[in-house]
Number of protein chains: 2
Amino acid sequence: MKPTMSDVARAAGVSAMTVSNALTGRRPVSPATRARVERAAADLGYELNLTARHLRAGRTDTVALVVPHFDHPYYGELAARMGRHLADQGRHLVVEQSGARREAELAAVAPARWQLYDGVLLSAVGTTPDDLAGLHTSVPLVLLGEQQMPARYDHVRMDNVAGARLATRHLLATGSRRVAIVGGADPDRDAGMRTARTLGWTMAHTDTGTAPAPELLVRTGPDLSAGRDAVRRLLSDGTDFDAVFAVTDTLAVGVLAALAEAGRRVPDDVQVVGFDNLASSGFTVPALTTVDPGHEQMAVETLRLLDQVVARAASGEADGRSSGPEHVTAPVRLVVRATTRSA
Amino acid sequence: MKPTMSDVARAAGVSAMTVSNALTGRRPVSPATRARVERAAADLGYELNLTARHLRAGRTDTVALVVPHFDHPYYGELAARMGRHLADQGRHLVVEQSGARREAELAAVAPARWQLYDGVLLSAVGTTPDDLAGLHTSVPLVLLGEQQMPARYDHVRMDNVAGARLATRHLLATGSRRVAIVGGADPDRDAGMRTARTLGWTMAHTDTGTAPAPELLVRTGPDLSAGRDAVRRLLSDGTDFDAVFAVTDTLAVGVLAALAEAGRRVPDDVQVVGFDNLASSGFTVPALTTVDPGHEQMAVETLRLLDQVVARAASGEADGRSSGPEHVTAPVRLVVRATTRSA
DNA sequence: CTGTTAGCGCTTTCAA
DNA sequence: TTGAAAGCGCTAACAG
């Protein structure tokens, strides 16, 4: 059997309480006692049991971040950034993967898990507002993502419409007239990221008194290959286009690959803009013009809200009115690189 | 106060034990009782406390994977793959980030955390074999990574030397004579991934009865920009080279960016090979030839070893001789794409 | 500075 | 089928 504090206490000839104090330093212990305790602990190979401490303390000093996929660079970068911030504050971050599945997202924020973590950041893509609104408690939960979300939770998002509008406007301002959107969505379907970015694309056209041709809207999957396939399709359909707004940088990489393979020059024949400003986006050939969604602001705001809601929960408030849930939209910014011409 | 099982029991007019049984289904409960319990639980907004269960059960059904950085695609893909496998088996994976720092890696496998997880997969890059060898217990731990590792733990790695040799041999076989290595290391320094891959590069030359010129070895950081900067330096130094072996695909992306910016054609003027076969590597311009390190085999082997060591720990064996630690090297494979000429 | 008591919330006995 | 008691390992709270 694994040795416990009592075992150490017996071996050192002290009480368990003293062992605890000696090991954690929470209360002063005489040097002699501390030495004896440490000796005994080492001899027995004693190891602290954190589950017991958590049960006792009711806190874990750990925050969980639930993302759809570990291997999507956007989420990897998000997790890394969050992890750095939390580590700076001496807290732990653990990341879980939901596979973008509704059940997995719900399981991750299920009541049962709420004692495991002091708070949960959920990057929701598979759940409906109703799913989340149905949760019957005030969990320390902050929502991230571009879906429609229930109003009762704090929520941080990026300004998708403004970003897409900015991107598309830049394409139109630099001489493009037929701007395809790769990864677009029907505006009347879901209210997710794609829909919002499609709306921005449409609005940019409206701004200049035009309207995009319907055949320029290409629906796709989320992966690199989807971006490539979309452009191949456009090309094989003979659709006329002189610019592509890819709704994510990931898709944009596929778009660039397809254009290169078809011998279309970027930006001379076709301009390209992405969205997300991934770390790798400055290193495509040519370097990708994209929309920065305000990564850092989102991270900072998210953690601020988390602290707020955790404090609210700690202070025993069931559904406190001290400060209602906030809904933050981070500001976007266009990053002009080499896949677009200068104005 | 949050309601507990006793609260539910009182409300339902039964014992806590019956609540537990009714809710978990571990033991049969009469339909009428179950209904009353469920009713009471719902009314009170009862939520299971997992920390208590874990303390009691001594297991968490959760495995932790500790990686240096969430935002390095190699680790993101590794985590995603592990997560999928474990989810298929009904177990949880949580991922932590060590920042590649020695203390963080040690903290992640510190005794204190071992009750939190049924097992830990450590992607070690910051620790020395001695650090890990010093751990004084038989933790369910499987090591991943290309460092030297202490023999007492299971360890899964890729065949770096063979892979680098394969890559370089391909470059030499397709007509290149001056093969630069970007991200190389002095063979007599640490025994990490870079050293191994540098060794493979050297061996490929030896295989053909030549030796690489020292100025073709470029030391770099790990990032995209490091790959770009390495090539810029090579170019500005006037070093003659007609191929680049980048020790990671990430560096290779930077290499391609720098070559494009300098107007060197790939593969006509300069051939390029990477290492890791990231998901995005098929979508560079041109598509990157690279070494696949056997991702899937590594994942499968890792989980096999983990199950083994967890079982060993569960069966109370202190340092069981039933089956010693295994050291597995996954086989590599060259993936030829468009940054190299065909033989 | 150190010890005693009690209990975090759940579940494994053992008994009815 | 249900219950009572005991305890997982740790640490507040209250002595001393």
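Below, read A as the first sequence line, B as the second, and so on, with proteins coming before strands; counting in each chain starts at 1. Keep in mind the model is a prediction, meaning the values are calculated, not measured.
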Checklist entry - Are A/His54 and B/Asn49 side-chain neighbours, meaning at least one heavy-atom pair lies under 4.5 Å? => result no
Next on the checklist: If I take atom NE2 in residue B/His54 and atom C1' in nucleotide C/dT12, what distance separates them, rounded to the nearest angstrom?
Outcome noted: 17 Å
Checklist entry - Which whole-number value in Å describes the distance from B/Arg59 CZ to C/dT12 P? => result 10 Å
Item to check | First encountered from the 5' end of DNA chain D, between B/Arg34 and A/Ala52 | outcome: B/Arg34
Next on the checklist: Please determine whether a side-chain nitrogen or oxygen atom of B/Thr18 lies at a distance below 4.0 Å from atom OP1 or OP2 of D/dT2.
Outcome noted: no
Checklist entry - In whole angstroms, how far is the C1' atom of D/dT11 from the CZ atom of A/Arg27? => result 9 Å
Item to check | Spacing of A/Asp7 atom CG relative to D/dC8 atom P, expressed in whole Å | outcome: 10 Å
Checklist entry - Within the structure, does a side-chain N or O atom of A/Thr33 lie under 4.0 Å from either OP1 or OP2 of C/dC1? => result no
Item to check | Polar side-chain contact B/Arg56-C/dG9 base: donor and acceptor under 3.5 Å | outcome: no
Checklist entry - Rounded to the Å, how far apart are A/Met5 CE and C/dT2 P? => result 15 Å
Item to check | Minimum-distance nucleotide (side-chain atoms of B/Ala16 versus D/dC10, C/dG3, C/dT11) | outcome: C/dT11
Next on the checklist: So, OP1 or OP2 of D/dT2: does either fall under 4.0 Å of a side-chain N or O from B/Ser30?
Outcome noted: yes
Item to check | Distance-minimising heavy-atom pair for B/Ala299 and B/Arg81 | outcome: CB-CD, 3.5 Å
Checklist outcome for this item: Taking C/dG9, D/dC10, C/dT11 as options, the one with an atom nearest any side-chain atom of B/Met17 is C/dT11
Checklist entry - Is a side-chain donor-acceptor pair under 3.5 Å present for A/Glu38 with A/Tyr46? => result no
Next on the checklist: In whole Å, I'd like the distance from the CZ atom of B/Arg53 to the C1' atom of D/dG7.
Outcome noted: 17 Å
Next on the checklist: Tell me the interatomic distance from B/Arg26, atom CZ, to C/dT12, atom C1', rounded to whole angstroms.
Outcome noted: 10 Å
Checklist entry - How close or far is atom P of D/dA6 from atom CG of B/Leu55, stated in whole angstroms? => result 18 Å
Checklist outcome for this item: For A/Thr24 and A/Arg53 the tightest heavy-atom approach is CG2-NH2, 3.5 Å
Next on the checklist: Please compare B/Asn21 and A/Ala57 by the position of their nearest nucleotide in DNA chain C and report the one closer to 5'.
Outcome noted: A/Ala57
Item to check | Straight-line distance of B/Leu121 CG to B/Asp154 CG, nearest 0.5 Å | outcome: 10.5 Å
Checklist entry - A/Ser15 has a side chain; which of D/dG3, C/dG3, C/dC10 sits nearest to it? => result C/dG3
